[in-house]
Amino acid sequence: MFTYADRIKPDGHGITTYLENLLAKRYQIPTSQRDVVWEKENVKKLWGSIYKFYPLGSILIWKTSTRL
């Protein structure tokens, strides 16, 4: 039996892959998150924490063919 949880898997991409995708504007903020606004300084702190390998839980990156 197929479940959606079967499709959620960690990957082995490094931070450079995510930074390249971010710079290439391959990420979009889903509708459910559009009301949440982060200040630039907070975004920089998040990426700094990721770069320094600080524990931060998880980040969900959802690959979809649907244009948001």
Side-chain angles (χ1 to χ4, degrees):
M1 176 179 201
F2 173 79
T3 66
Y4 285 108
D6 295 331
R7 295 173 37 186
I8 300 173
K9 306 221 184 288
D11 62 33
H13 298 301
I15 189 167
T16 54
T17 301
Y18 294 106
L19 289 173
E20 288 169 0
N21 286 333
L22 180 66
L23 291 172
K25 299 183 178 186
R26 292 189 183 115
Y27 297 132
Q28 294 181 4
I29 300 171
T31 305
S32 62
Q33 292 291 314
R34 290 196 179 150
D35 292 335
V36 179
V37 178
W38 281 36
E39 299 293 329
K40 284 185 179 184
E41 192 58 35
N42 291 337
V43 173
K44 287 171 30 178
K45 286 179 183 178
L46 172 63
W47 282 105
S49 295
I50 293 169
Y51 179 77
K52 294 173 186 172
F53 297 102
Y54 291 165
L56 54 94
S58 62
I59 295 177
L60 175 64
I61 298 177
W62 186 331
K63 186 175 184 178
T64 178
S65 58
T66 303
R67 182 105 175 123
L68 300 177

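If you're wondering where the values come from, they're calculated on a predicted model, not measured in any experiment.
The heavy-atom pair separating R26 from E20 by the smallest distance is NH1-O, 4.3 Å.
A distance of 9.5 Å separates CG of N21 from OG1 of T16, quoted to the nearest 0.5 Å. Distance CG/L46 to CD1/I50: 4.0 Å, rounded to 0.5 Å.
Applying the side chain to side chain contact (heavy atoms under 4.5 Å, CB included) rule to E41 yields the partners K44, K45; only residues at least two apart in sequence or on another chain are considered. Evaluation of the side chain to side chain donor-acceptor pair (under 3.5 Å) rule for Y27 yields no partner, not counting sequence neighbours. Partners of Y51 under the side chain to side chain contact (heavy atoms under 4.5 Å, CB included) rule, at least two apart in sequence or in another chain, are I15.
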